[in-house]
Protein chains: 2
Amino acid sequence: MENYINQLRNYHLKATPQRIAITEALAMYGHLSIEQLYEVLKQKFNSLSLATIYKNINIMMENAFVSEVKLPEQKSVYELTKASHAHLQCKKCHNVWDIHLNLDDIIQNASKNSTFEIESANLVLSGLCENCRNEK
Amino acid sequence: MENYINQLRNYHLKATPQRIAITEALAMYGHLSIEQLYEVLKQKFNSLSLATIYKNINIMMENAFVSEVKLPEQKSVYELTKASHAHLQCKKCHNVWDIHLNLDDIIQNASKNSTFEIESANLVLSGLCENCRNEK
DNA sequence: TTAAATGCAAAAAATTTGCAGACGT
DNA sequence: ACGTCTGCAAATTTTTTGCATTTAA
């Protein structure tokens, strides 16, 4: 909590209660959509406005405190910015997990096959999570 | 052209002039956004409605004739469905290219590090294309 | 001939903006 | 105290829907 206040400040973001709550929610759940963030924070702030979520997520992305994860077949989710990693998306429950693959290898390999100067890689792996796989 | 008519029919899509034109545009340009498709087709059909683009792209995706490519920091583009491949996105000119990497290797490697049953991989590599790199 | 597609207008959904009052620093 | 943030309402943007007419097969 104190921790989140300082983290926000490190990214030049005023530590308002709403922003602290967004940070807490993302730290706890890992990946949330705009609508999910709204539902979670709504518990704590009953006068919360969706516009506040949008404004905050936008400025948090501009300041690289939060990152957007674009996913096939579902709405984007947002996460606290971390070291480069890939994502696992469950096609059944739609939850998202981090997976720590070496994206640099992929970038280097791809660089051999192109004239691009590749700076970053965005990888989403889709399938069934352990839970959903066992359910059927 | 005849060719596109049959391709559309293979995917259970009636070959209307608008759909043929969408197919031609995607075959020619590779990757186009909704708005770009609208602009391109508008040349040919001056009574064209944006709703027609949306309806067609949606049904073409349902029938797997067209695929959506979600990109970091820019609107989705659409392409004719092809064998599995990755994408290169230029951060300057915002154009998109296919790159034929072996995604199966990536999937197998990731599978070792997770309990997921991974079915597919979605990879977008971002950087500068040759043109934009040379311009500065 | 018939089911489906088109284009239009309207509706719905998603996102952004402006502003007055509240709040963090 | 100052500049920024919040919540609200309104505006804008994006996407979908309903319907009359047209069209592909």
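Everything numeric here is computed off the predicted structure, so don't read it as measured data. In the text below, chain A, chain B and the rest are named by the order of the sequence lines, each starting its count at 1. Values below: every heavy atom of this structure, side chains too, minus hydrogens, waters and symmetry copies.
- Within a heavy-atom distance below 4.0 Å of DNA chain D, the residues of residues 31-48 of chain A found are A:S47, A:L48.
- Extent of DNA chain C lying under 4.0 Å from chain A heavy atoms, first and last nucleotide in 5' to 3' order, is C:dA14 to C:dT25.
- Atom pair A:Y54:OH and D:dG7:P shows a separation of 15 Å (rounding to whole Å applied).
- Residue A:A64 comes nearest to A:Y11 through the heavy atom pair O-CE2, 3.5 Å, listed as atom of the first residue, atom of the second, then distance.
- Residue A:V40 comes nearest to A:A25 through the heavy atom pair CG1-CB, 4.0 Å, listed as atom of the first residue, atom of the second, then distance.
- Rounded to an integer number of Å, the gap from CZ of B:R9 to C1' of D:dT23 is 13 Å.
- Using a 4.5 Å heavy-atom cutoff, the side chains of A:H12 and A:F65 are not in contact.
- The stretch residues 63-73 of chain B participates, sequence neighbours left out, in these side-chain hydrogen bond (donor to acceptor under 3.5 Å, both in side chains) pairs: B:S67-B:T81, B:E68-B:S76.
- Listed by first then second residue, pairs satisfying side-chain hydrogen bond (donor to acceptor under 3.5 Å, both in side chains) with a partner in residues 93-104 of chain B read B:H31-B:D98, B:K82-B:D98, B:H85-B:D98, B:H87-B:D98, not counting sequence neighbours.
- With the end axes of the helix from C:dT1-D:dA25 to C:dT25-D:dA1 each set by five pairs, the angle from one to the other reads 50° at 10° resolution.
- Evaluation of the side chain to side chain donor-acceptor pair (under 3.5 Å) rule for B:K55 yields no partner, not counting sequence neighbours.
- When the C1' atom of D:dT6 is taken as reference, atom CD1 of A:I57 falls 16 Å away, rounded to whole Å.
- For B:E35 and B:K42, the salt-bridge test fails: no basic side-chain N is under 4.0 Å from an acidic carboxylate O.
- A donor-acceptor pair shorter than 3.5 Å can be found between the side chains of B:S126 and B:Q89.
- Nearer the 5' end of DNA chain D, as judged by each residue's closest nucleotide, is the contact made by A:R19, out of A:R19 and B:P17.
- Listed here is the closest heavy atom pair of B:C132 and B:C93: SG-CB, 3.6 Å.
- We find that NE2 of A:H12 is positioned 15 Å from C1' of D:dT4, with the value rounded to whole Å.
- To the nearest angstrom, P of D:dT15 lies 15 Å from CG of B:N56.
- The nearest whole Å value for the distance from the CD1 atom in B:I20 to the C1' atom in D:dA24 is 10 Å.
- Of the two residues contacting DNA chain D, namely B:A15 and B:K55, the nearest-nucleotide position lying further toward the 5' end is that of B:K55.
- Closest approach of A:V77 and A:S33 over heavy atoms only: CG1-N, 3.9 Å.
- Partner of A:Y78 under the side-chain contact (heavy atoms from CB on, under 4.5 Å) criterion, chosen from A:I53, A:I34, A:I22: A:I34.
- As rounded to whole Å, 21 Å separates atom C1' of D:dT4 from atom OH of A:Y11.
- Between A:T16 and D:dT4 there is no side-chain polar atom (N or O) within less than 4.0 angstrom of OP1 or OP2.
- Under the 4.0 Å criterion applied to side-chain N and carboxylate O atoms, B:K44 and B:E24 are assigned as salt-bridge partners.
- In this structure, the CE atom of A:M60 is 14 Å from the C1' atom of D:dT6, given to the nearest Å.
- Distances shorter than 4.0 Å separate none of the side-chain N or O atoms of B:Q18 from OP1 or OP2 on D:dT23.
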